[in-house]
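As structure tokens, the structure follows; a few thoughts come after it.
Residue numbering restarts at 1 for every chain, and letters A, B, ... go by the order of the sequence lines.
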Amino acid sequence: MKANEIREEFLNFFRTKEHRIVPSAPMVIKNDPTLMFTNAGMNQFKDIFLGNHPAAYKRIANSQKCLRVSGKHNDLEEVGLDTYHHTMFEMLGNWSFGDYFKKEAIEWAWEFLTSRLGIPQERIYATVFEGDSEEDVPRDDEAADHWGRCFASPENHILNGSKKDNFWEMGETGPCGPCSEIHVDIRSDEERAARPGHLLVNTGHPQVIEIWNLVFIQYNRRAGGELELLPEKHVDTGMGFERLCMVIQDKKSNYDTDIFQPLIAASAVVTGKPYGGSQARDTAHRVIADHLRTVAFSIADGQLPSNNKAGYVIRRILRRAVRYGYTSLEMTEPFIHKLLPSLIESMGDQYPELSAQQEIITRVIFEEEQAFLKTLGKGLKMIERRVAALRKEGKNIFPGSDAFELFDTYGFPVDLTQLIMRENNMTLDEEAFRRELNTQKERSRDDAAVTAGDWVVVHDVENTLFTGYDRTEDNITIARYRKVVSRGKEAIHLVFDKTPFYAESGGQTGDRGFISSGSEKVAVTDTVRENNLIIHIAEKLPGNLSASFRAVVDSEARQDTSNNHTATHLMHHALREVIGKHVEQKGSLVTPERLRFDFSHFSQVTQEELAAVEQRVNEMIMKNIVSEVYHDTPMEQALAMGAIALFGEKYGEKVRVVSFGESVELCGGTHVESTSRIGIFKITSEGAVAAGVRRIEAVTGRRALSFINEKLKTLDQITGMLRSTGNPAANITKLINENTALKNTIEKMRVEAAAAVRSELTARAVTRGSCRIYSGVLEETPPETLKTIAHQIRQSDGTSIVILGSAIEGKASLVVALGEEAAESSHLDAVELIKAVSPEISGGGGGQPFMATAGGKRPEGLNEAVDKAVALAQKRL
RNA sequence: GGGGAUUUAGCUCAGUUGGUCAGAGCACCUGCCUUGCACGCAGGGGGUCAAGGGUUCGACUCCCUUAAUCUCCA
């Protein structure tokens, strides 16, 4: 059976069991700092289990894209080395929310595996929770009974499992329960006869593997640690799709299934290196196949590779693939992007977002590959230089600090450094490298450690209510607080029962303002979000914590921010109108000062297009379109309203829809009541930010007004200076042309004048021994010219000692220059000389031994200074 | 969140302890050479040295702030 058929079979099977089939949630998670990527099938249903909102359907099944590359589950460095680790995988799952429980979950799992997929039951093993006396939880006999009715001969096929393997918990607190895992033995008959499978379950044997975990959520873990029975019981299951395919297709490796083989085959063709036979090459092909999947899906989900957070994780994954291609497959040119068609061919049907965004995915990957290859090239050059230097000194140990600098600052992989060392018969001081890395780790940990103190609860409040959509002031009480120390500065985090303060989210920066009670007033400098907590960052702790406070948002800043946020929506809409529907948001920043919007587009936005977009937005502003906001709208309904679906929305989630006429977006931010509040919209810059992504920055309202006024002021100044009512641009062009002509003339004259001055100085020059002293005070000569003249003299006459002074604009300047022969024979030092005489002009100076300059505030002393310098020079000759 | 680095001509980058230091290559323009193209030769235009402050007689260079980008750690 092909992989696509297996997936289809799973979904169809549960469809017949009255399950609602839902699409996979995006892999990239927004607005949850504890989790960057979806790492399990149940992520998108977390809120249902937590009881935060009811399930829209009692039975659901799906295939969920998951990523395990950060945090607790980090498989990245394992991928490729073996046959079963992945960064991205699909999780097949079926769920019951307060509906069916253990009986059906077990029976259906059994039916699906044995009847639908035809896995022989003697190869199947089921584990059940053995119980825990400390927790006072008995063995899961209920599950064992159901399994007992499935197997024809249950002995040795139903096994007890420990708390570690068979009791599932979401976190420290919250829903949890026993689980039952299904393992499959895919060894040959001989091997199975020699050693029964039940002895190998949960021992890490690569061919006796867990494929499905059925979790029975029946308890709630309370803060004190005790378990209480839940009124509603849930089922949460997850089956690794790639593993399942390996079992069904009778392969020994996930990478041998038809999920990966087309990709690996394409990789072999593009690189010209076959798969099979060479460990290094095979590893590289597997790495590339796995990582391409991950990166392509992430980009399709709206997460571009970037320099921080989730985007940086994606960048590193891609770079790991490039690195393997570079070292093991000798690929020095971008090639991974060429494999995309193969991925689309095998997965495009199930995940249409891939083909829909093929162009941008290809471009982004190509650009990233190129950038990293460049980084590698730079690193190689640096290493070559170091190696050459070390060779000169006769050393053959490459310092760890150098390797660390290459790695830390320039991103050059250390294993590549090692490889190059081997090629050069040198060794890397790994010990020192690790030391440097550890000090960096400690530094980061220290920083993280001092940050947050424990929360102190004042009033028990479950969820802060955000009241800031329609007001900027409210009466609040403090729910909890904590002290946070960072870089020696103490700040206070406050959580209220309700708040008008908007917490930074969705690109919109947090509100600032103050809270007050009686005579006390505490400033709130920023507002941030941590999971569902809205945290107000205050400069100090209020005196009376239990008092009632007036919370006041800086309404001017808020208004400016709202202006910018609404303008962002209008511009998004206008961009799609003017340059096309391919425009999709790739990033957004909204502050009181400005707005910044990144979006997919493949060429420069022309002046005309920018003007049209600006024009269109201003039209919408002038039309005074009134906002329509729908809170708690089901996702499906929002999409039906024509909302531009952004990323990070989960199935079943209630969303907030903000619309201004034709502009309809899902958005949690604050907006103006009607577009005319924005006043004016003005684009200030446009540029590239990554391959296929452009960035526009703009301002609104009073900021736009002052931006425009600044420009007009400059224009006024220009036309004023031109003293002409005609076209200033034409006038200036004329002026520039005249100016260049004049400059050329002046340059010529200056050369002549300098020559004249020179000849005058030459005429007055005095010979002393083997040197000639040129001296004098010139009139109104700028320091640069003075230098030029002195320089010319010292070049034309090697025996010259030049001492010149000049006053201009109330400032005095001196220059001393020595011709080459003069410098040698006289042992004079220009710096010494100029320092000796510069006090005469109330200044100081310096330079090089053959040429020094000085400046001062007393032009009257110029003659004195020059005379003194001449006298000093003469004395030394 | 913390550390390191980068920002100089349209592009890729040099620029030493502050002082004839604003440069190179490519690209561009003009002319010559060539049947044409590429090459070659000669000449030329193009810079708020990221932005804003400060120190200094003098700042691309030192200090501070800000922004963007790169990179490592958490």
Worksheet item: Are A/R695 and B/rU69 close enough that a side-chain N or O sits under 4.0 Å from OP1 or OP2?
Response: yes

Worksheet entry | Among B/rU12, B/rG4, B/rA68, the nucleotide that comes nearest once only the side chain of A/K374 is considered | B/rU12

Worksheet item: If you find the nucleotide of RNA chain B closest to A/F404 and the one closest to A/G847, which residue's nucleotide is nearer the 5' end?
Response: A/G847

Discussion item. Over all strands shown, is A/R319 touching base, sugar-phosphate only, or nothing at heavy-atom distances under 4.0 angstrom?
Written reply: sugar-phosphate

Item to complete: For B/rA14 versus B/rG36, give the span between their P atoms, rounded off to a whole number of Å.
Response: 40 Å

Response to the item:
Among the nucleotides B/rC73, B/rG19, B/rA5, whichever has the atom closest to the side chain of A/Y410 is B/rA5

Item to complete: For the pair A/D560 and A/R703, find out whether any cationic side-chain nitrogen is under 4.0 Å from an anionic carboxylate oxygen.
Response: yes

Discussion item. Would you measure the distance from the P atom in B/rG18 across to the matching atom in B/rC57 and give it in whole Å?
Written reply: 16 Å

Fill in: Separation of the C1' atoms in B/rC62 and B/rG2, to the nearest angstrom
26 Å

Discussion item. Roughly how many Å apart are B/rU61 and B/rG19, using the C1' atom of each and rounding to a whole number?
Written reply: 11 Å

Worksheet entry | Proximal nucleotide (of B/rU71, B/rG2, B/rA5) relative to the A/T409 side chain | B/rA5

Discussion item. In terms of relative ring orientation, are A/F407 and A/F404 parallel, tilted or perpendicular, with 30° and 60° separating the classes?
Written reply: tilted

Discussion item. What's the closest nucleotide to the side chain of A/R594 if the choices are B/rA74, B/rU71, B/rA68?
Written reply: B/rA68

Discussion item. So A/G855, base contact, sugar-phosphate only, or nothing? Heavy-atom distance under 4.0 Å.
Written reply: base

Discussion item. If I pick the C1' atom on B/rU66 and the same atom on B/rU7, what distance separates them, to the nearest angstrom?
Written reply: 14 Å

Worksheet item: At under 4.0 Å between heavy atoms, what does A/R596 touch on the DNA or RNA strands: base, sugar-phosphate, or nothing?
Response: sugar-phosphate

Item to complete: Identify the heavy atoms of A/Y774 and A/S800 that sit nearest to each other, and give their distance.
Response: CE1-CB, 3.4 Å

Worksheet, complete the sentence: Heavy-atom nearest nucleotide on RNA chain B taken for A/S842 and for A/F372; more 5' hit belongs to A/S842

Worksheet item: Does A/T853 get its side chain close enough to the base of B/rG19, under 3.5 Å, for a donor-acceptor pair?
Response: yes

Worksheet item: So, are A/K441 and A/E436 salt-bridged, with charged N and O less than 4.0 Å apart?
Response: no

Worksheet item: From B/rA67, B/rC73, B/rU71, pick the nucleotide closest to the side chain of A/R315?
Response: B/rU71

Discussion item. Please determine whether a side-chain nitrogen of the Lys or Arg among A/R694 and A/E686 lies less than 4.0 Å from a carboxylate oxygen of the Asp or Glu.
Written reply: yes

Worksheet item: Taking the side chain of A/L437 as its heavy atoms from C-beta onward, which of B/rG3, B/rA5, B/rC73 lies nearest to it?
Response: B/rC73

